[in-house]
Structure formats: structure tokens, C-alpha cells
Amino acid sequence: MQPLRERDPDKIADYRLIGRLGEGGMGVVYLARSSRGRVVAVKTIRSELAATPDFRRRAGGDRHRPLRPPPDRHAGGQTQRPTC
């Protein structure tokens with residue numbers, strides 16, 4: 001995780017930004033904490049992409065989708081989630 005930069009917002013919606021997880025051609029991903037204390041990744045999209053109707057239509061499915069690790073598979077074909 002990288003620290004927030006001077007031009008980064010402190011907050012997006014109900015999420016207080018903690019740091020930067022990454023940046024690429026589409027935008028920035030921040031580590032954030034919700035108003036209930038939950039730690040989440042918040043993905044932002046560059047304004048020039050967000051203004052494109054086709055992009056918004058294609059990307060709309062990502063909204064509010066929680067990030068989860070892929071399930072582990074074992075020999076019996078059953079799906080096992082990692083336990084911590």
C-alpha cells in the first residue's frame with residue numbers, strides 16, 4: 001500500500017480513504033474503511049472513461065461487488081473457502 005497523494009480525496013461516499021493499492025490506465029484503487037469499520041477496496045475510474053456511455057454500461061456490473069478470494073478446490077471437487 002502507498003500513502004495517499006496530495007491530490008487524492010480523503011473520502012469517497014461513506015468510505016474514508018487509507019491509502020493507494022494501485023493505479024493504472026483505468027483509474028486508482030484505494031484501501032478504505034466504511035462508516036461501519038469494514039476495510040474495503042474502492043476502485044475509481046478516470047473521468048474521461050466514466051463519461052463514455054458504452055464504458056459505463058460495460059462496467060456497471062462491478063459496482064458494489066465485494067472482492068473475494070477464489071475458492072480452493074480439493075480432490076473431491078468440493079469448493080472450500082480459506083479459513084483464517
For the backbone of Val28 and the side chain of Thr44, can you confirm whether one donor and one acceptor N or O come within less than 3.5 Å of each other? yes
Strictly by salt bridge (charged side-chain N to carboxylate O under 4.0 Å, His left out), give each pair with a member in residues 23-32 just once, sequence neighbours left out. Arg5-Glu23, Arg20-Glu23, Glu23-Arg46
CD of Gln2 to CG of Leu31: how many Å apart, nearest 0.5 Å? 12.5 Å
d(Ser35 OG, Arg16 CZ) to nearest 0.5 Å is 11.0 Å
Is any side-chain heavy atom of Ile18 closer than 4.5 Å to one of Met1? yes
Looking only at heavy atoms, what is the nearest atom pair of Ala41 and Leu21, with distance? CB-CD1, 4.1 Å
Candidate pair Tyr30 and Ile12, rule side-chain contact (heavy atoms from CB on, under 4.5 Å), full reasoning: CA-CA 10 Å; Tyr30 296 100; Ile12 295 176; 4.2 Å; yes
Just so I know, are the side chains of Leu17 and Pro9 near enough to count as touching, which here means a heavy-atom distance under 4.5 Å? yes
Single-linkage hydrophobic cluster, 4.5 Å side-chain cutoff, Leu4 and Val40 together: yes
Expected output: side-chain Thr52 to main-chain Asp54 donor-acceptor under 3.5 Å: no
Worked check of side-chain contact (heavy atoms from CB on, under 4.5 Å) between Val29 and Val42: CA-CA 6 Å; Val29 180; Val42 175; over 6 Å; no
Quick check for you: to the nearest 0.5 Å, what is the distance between Arg38 atom CZ and Tyr15 atom OH? 7.0 Å
